[in-house]
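What follows is a set of notes on a single structure, which appears directly below.
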2 protein chains.
Amino acid sequence: MHGRCENCIIRELNSLRALKKDELKRISESKVSKTIKKGEVIFAEGEKLNGVFCVRNGVSKLSKMSDNGKDQIVKIAARGEILGQRSVITDETTNLSAVALNDMEVCYIPKQHLQDSLNSNVEFTKAVLLHIAGDLKFADNVIVNMAQKTVKQRVAETVKYLEDNFGTDCDGFIAVTLNREDIANIVGTAKEACIRTLSLFKKEKMIFTEGKRIKIEDKKALYRLIEGF
Amino acid sequence: MHGRCENCIIRELNSLRALKKDELKRISESKVSKTIKKGEVIFAEGEKLNGVFCVRNGVSKLSKMSDNGKDQIVKIAARGEILGQRSVITDETTNLSAVALNDMEVCYIPKQHLQDSLNSNVEFTKAVLLHIAGDLKFADNVIVNMAQKTVKQRVAETVKYLEDNFGTDCDGFIAVTLNREDIANIVGTAKEACIRTLSLFKKEKMIFTEGKRIKIEDKKALYRLIEGF
DNA sequence: TTTAAAAGATGATTTTTATCATGTTTCGAA
DNA sequence: TTCGAAACATGATAAAAATCATCTTTTAAA
């Protein structure tokens, strides 16, 4: 067990910020800090969770297997994200599986604490509600893009999404590196189509790539493409 | 103004059931019953709502225009559904537009009432949270289907969705009738592809159609198709 | 009841995307 | 450092779906 939740700044990034001192104290006493290695499964689709995972460091993919055996990535979760939140709230088995994309540090929080606070602290409940409502809006937009946009547009959209959410390193590369297959699984296309599209973007000087790392070179052109030109 | 909210049974279908007597009384005093004609716009994408619409009768489509000018239907809302809930909660402009698919009766509830209850009645806040969390799970599944399944599978899925949610009339037809274009806009495909696919299903005796009305004839075959055979 | 418009249906063609095959590069473990 | 596996890349082909065109049927309004 590491630091105390009361002092944890990660909390400011999520709905746990609405918890009161005594609630945090109780969580602090039963939470468990864990390190997770790249590629490790945090939880699998269909599991019943007894708690949530608050991401301190590292990045995880949240995905769901479709009937035809392909994995669809629904979200990339970084620092501050609370993994398993939805299924703990509704007390259901998980809908998604979570896999570490690089080495991670997370805090495991037993679900009883959250459920207690959901029942008693309306500020917390509201904070969670606002967060989930935001996720829902985002998901609706993804549905529209999946249904109506081409692979080219969706690859462009995904590159933008990654830059917007994870920023860039000192060389201007997007600060999270995914392999082509994972990008394809966000886009909802085959690995080859994803590779081809990124190669095309590079040829057209919209992006620059170096191994897995991607840098956006011509933001305007990329955005124009996303909107359909 | 019609009946009193305290006696309204529609309420049992949604999160308003968690409201207390005095909260309902206040809502009852300021709510407005409205009739909406088929095809009428209840609210448009980007509007700022000052209240929500509780559906008493009729069916509405919730859709979003994609950049390329095509409408994507994200949800079909029937009796009990509260239209505009998400954007009133987050106090944002609407993400979706709502259009009546047949004549409707709705109750307009000014947002202040909901916001007051969200701030003070944790049971209500929790009920809303559970509802939105369910919507989110559903949306994630739609994303996976959009990304990974064929048009054929998605049409089958949509037919199943409509029957599951709206049931059948006395002749066994799905109790909601959409035109082919609307079905195509749920599936996320072109009108022609949707028509062709439904014709094929009819030829294969999985469904029977009569005008806009659709009856599922071979549920097993349909379900097998959805899962990928 | 007539008539125009909307919706449904179907064929032909083109575009997009998936799949298969195969070669090349990169990277980590021995 | 070498070697093998994994990831990346690209061509060829097949399959899926969009688009365009045209015709028929249904629907709603005059």
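Naming convention: chains lettered A, B, ... in sequence-line order (proteins, then strands); numbering from 1 in each chain. Everything numeric here is computed off the predicted structure, so don't read it as measured data.
The existence of a salt bridge linking Lys215(A) and Glu163(A) is excluded, since no basic side-chain nitrogen approaches an acidic carboxylate oxygen closer than 4.0 Å.
The distance from atom CG of Asp182(A) to atom C1' of dA7(D) is 12 Å, rounded to the nearest whole Å. Rounded to whole Å, atom P of dA9(C) lies 10 Å from atom CD1 of Ile183(B). Straight-line distance from the CG atom of Asn185(B) to the P atom of dA7(C): 12 Å, rounded to whole Å. In this structure, the CD atom of Gln148(B) is 13 Å from the P atom of dA17(D), given to the nearest Å. Per the geometry, CZ belonging to Arg213(A) stands 11 Å off P belonging to dC27(C), to the nearest Å. Atom CZ in Arg154(B) sits roughly 12 Å away from atom C1' in dA18(D) (whole-Å rounding).
The base of dT19(D) sits with one of its N or O atoms less than 3.5 Å from a complementary donor or acceptor on the side chain of Arg196(B). No N or O donor and acceptor, one from the side chain of Arg180(A) and one from the base of dT10(D), sit under 3.5 Å apart. With hydrogens and angles ignored, no donor-acceptor pair closer than 3.5 Å exists between the side chain of Glu192(A) and the base of dC8(D).
Judged by the 6.0 Å and 45° rule, Lys202(A) forms a cation-pi pair with Phe208(A). Remark: Lys160(B) is positioned above the aromatic ring of Tyr223(B), its terminal NZ or CZ atom under 6.0 angstrom from the ring centre and at most 45 degrees off the axis.
Ranked by how close their nearest DNA chain D nucleotide is to the 5' end, Glu181(A) and Ala147(A) are led by Glu181(A). Between Thr189(A) and Lys203(B), the residue anchored nearer the 5' end of DNA chain C, judged by the nucleotide with its closest heavy atom, is Lys203(B). If you find the closest nucleotide of DNA chain C to Lys191(B) and to Val151(A), the one lying nearer the 5' end belongs to Lys191(B).
Closest contact between the side chain of Ile195(A) and the listed nucleotides dA9(D), dA18(C), dT19(D) involves dA9(D).
Residue Lys212(B) is in sugar-phosphate contact alone, with no base atom involved, counting any heavy-atom pair closer than 4.0 Å across all strands shown. Nucleic acid contact class of Lys70(B) (heavy atoms, under 4.0 Å, all strands): sugar-phosphate only.
Side-chain nitrogen and oxygen atoms of Ser199(A) include at least one within less than 4.0 Å of the OP1 or OP2 phosphate oxygen of dT10(D).
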Open item on the list: What verdict does the side-chain contact (heavy atoms from CB on, under 4.5 Å) test give for Glu217(A) and Leu222(A), after you've listed the backbone C-alpha separation in whole Å, the side-chain angles of each residue and the deciding distance to 0.1 Å?
Closed with: CA-CA 9 Å; Glu217(A) 296 270 68; Leu222(A) 195 79; over 6 Å; no
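Classification of the Tyr161(B)-Phe166(B) ring pair by plane angle, with boundaries at 30° and 60°, yields perpendicular.
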